[in-house]
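The structure appears right after this line, and notes come after that.
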Amino acid sequence: MPSRPNRKAWLQDFITKYPGLEGSEPWGGEEEAFREARARRFSVELCWLAPKRGMQTGEIAELFDARAPVYRFNEDRHLRPAFEPSTAPPTPLMSWWLLLYSFSMLARYQPRQWTDALDIDKSPDAAALEYALDATLEVIPHLVLEGLRQTPILLSKPLAL
């Protein structure tokens with residue numbers, strides 16, 4: 001968690017990386033917004049001020065669609081970071097492609113390190129890597145279909161992931 005004097009600068013830097021956070025503020029002030037979730041992890045609660053009073057349900061949905069679009073499941077919204085402040089974030093399919101391409105380059109050119117990283121008994125990252133590779137089997141066909149149709153296809157959220 002950033003130290004108290006550095007929180008404001010850290011938060012401003014963080015917000016510039018996420019276009020959807022533009023115009024947001026720490027909820028309840030800087031000190032109250034930062035909370036330690038567990039060891040080495042913290043959360044920051046942010047809020048957006050409504051552009052106008054008395055917004056209708058459709059207007060609120062449009063506001064959130066522009067800032068944090070729905071991704072894969074109904075009602076699941078995600079903020080996506082941009083590579084540069086003035087650009088749009090990459091699409092989910094492009095993000096997954098980059099992740100899988102990186103994994104394939106590691107497996108091809110550094111096979112020993114890749115094998116070591118997947119060793120569940122030795123690597124602290126093995127479970128996360130296995131989870132990402134398992135999720136790929138469901139995510140990629142869905143995102144490719146969305147790309148081919150050029151329209152979002154939202155699913156009902158399963159009871160357990």
Side-chain angles (χ1 to χ4, degrees), residues 10-25 27 33 35 37-38 40-51 55-161:
W10 179 89
L11 188 59
Q12 289 306 316
D13 182 51
F14 181 81
I15 286 174
T16 61
K17 295 174 184 168
Y18 287 81
L21 290 177
E22 238 175 69
S24 64
E25 297 179 354
W27 179 256
R35 291 197 174 85
R38 59 179 189 239
R40 297 178 30 210
R41 301 212 181 217
F42 66 95
S43 66
V44 180
E45 194 167 346
L46 299 170
C47 67
W48 288 288
L49 299 176
M55 291 178 71
Q56 301 299 315
T57 305
E59 293 173 311
I60 294 170
E62 286 176 18
L63 175 73
F64 279 101
D65 283 341
R67 294 178 178 268
V70 177
Y71 168 69
R72 289 197 67 224
F73 299 109
N74 290 316
E75 305 303 319
D76 273 4
R77 296 182 176 276
H78 296 272
L79 292 166
R80 302 191 45 78
F83 287 117
E84 295 190 18
S86 61
T87 62
T91 64
L93 181 60
M94 185 55 117
S95 298
W96 275 100
W97 178 85
L98 179 61
L99 178 73
L100 293 175
Y101 181 74
S102 301
F103 285 171
S104 73
M105 291 294 103
L106 185 59
R108 181 175 182 174
Y109 296 112
Q110 302 291 328
R112 184 166 293 155
Q113 286 87 343
W114 178 245
T115 305
D116 290 345
L118 291 175
D119 187 349
I120 199 77
D121 294 326
K122 296 178 184 171
S123 173
D125 302 319
L129 288 170
E130 282 185 22
Y131 179 80
L133 292 170
D134 286 344
T136 300
L137 297 173
E138 293 179 23
V139 173
I140 295 298
H142 179 195
L143 295 176
V144 168
L145 181 61
E146 277 186 348
L148 291 172
R149 288 192 174 179
Q150 294 292 308
T151 182
I153 300 168
L154 300 176
L155 307 171
S156 296
K157 188 134 186 174
L159 295 176
L161 284 175

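Values below: all heavy atoms of this structure, side chains included; hydrogens, waters and symmetry mates excluded.
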> Do you know which two heavy atoms are closest between Q150 and G147, and how far apart they sit?
Replying inline: NE2-O, 2.6 Å
> In Å and rounded to the nearest 0.5 Å, what is the CG to CD distance from L118 to Q113?
Replying inline: 12.0 Å
> Taking H142 for the side chain and L155 for the main chain, is one N or O donor matched with an acceptor at less than 3.5 Å?
Replying inline: no
> Do the non-hydrogen side-chain atoms of F83 and P90 ever get within less than 4.5 Å of each other?
Replying inline: yes
>> Closer than 3.5 angstrom, by distance alone: can the side chain of R67 be matched with the main-chain N or O of E22 as a donor-acceptor pair?
In response: yes
> If we only count heavy atoms from C-beta on, is the D116 to K122 side-chain gap below 4.5 Å?
Replying inline: no
>> Testing the basics here: between W48 and G23, what is the closest heavy-atom pair and its distance to 0.1 Å?
In response: CD1-C, 4.2 Å
> Which is it for F14 and V44 under the side chain to side chain contact (heavy atoms under 4.5 Å, CB included) test, yes or no, and what are the steps along the way?
Replying inline: CA-CA 11 Å; F14 181 81; V44 180; over 6 Å; no
> Once you round to the nearest 0.5 Å, how far does CG of L93 lie from CG of L145?
Replying inline: 11.5 Å
>> For the backbone of Q56 and the side chain of E59, can you confirm whether one donor and one acceptor N or O come within less than 3.5 Å of each other?
In response: yes
> Does P152 offer a backbone N or O that forms a donor-acceptor pair with the side chain of E146 under 3.5 Å?
Replying inline: no
>> Less than 4.5 Å apart, side chain to side chain, heavy atoms only: is that true for L46 and E25?
In response: no
> Donor-acceptor pair, S123 side chain versus D119 backbone, under 3.5 Å?
Replying inline: no
> Going by an N to O cut-off under 4.0 Å, is there a salt bridge joining E75 and K157?
Replying inline: no
>> I'd like to check D65 versus R77 (side-chain heavy atoms, cut-off strictly below 4.5 Å). Are they in contact?
In response: yes
> Could you give the distance from CD (Q12) to CG (L21), rounded to the nearest 0.5 Å?
Replying inline: 10.5 Å
>> Give me the atom names and distance for the closest heavy-atom approach of T136 to P141.
In response: O-CD, 3.8 Å
> Would you say the side-chain atoms of E130 pair up with the backbone N or O of A127, donor to acceptor, closer than 3.5 Å?
Replying inline: no
> Can you tell me how far the NZ atom of K17 sits from the CD atom of E84, to the nearest 0.5 Å?
Replying inline: 13.0 Å
> Tell me, do C47 and S24 make a side-chain contact under 4.5 Å, heavy atoms counted?
Replying inline: no
Using distance only, find each side-chain donor-acceptor pair of residues 94-107 under 3.5 Å and give its atom names and separation, not counting sequence neighbours.
residue, atom, partner, partner atom, Å
S95, OG, R80, NH2, 2.4
S95, OG, T91, O, 3.3
W96, NE1, Y71, OH, 3.1
S102, OG, L98, O, 2.8
S104, OG, Y101, O, 2.8

> To the nearest 0.5 Å, what is the distance between CG (D134) and CG (L137)?
Replying inline: 6.5 Å
>> Among residues at least two apart in sequence or on other chains, which ones pass ring-ring contact (aromatic ring centres under 6.0 Å, His included) with W27?
In response: none
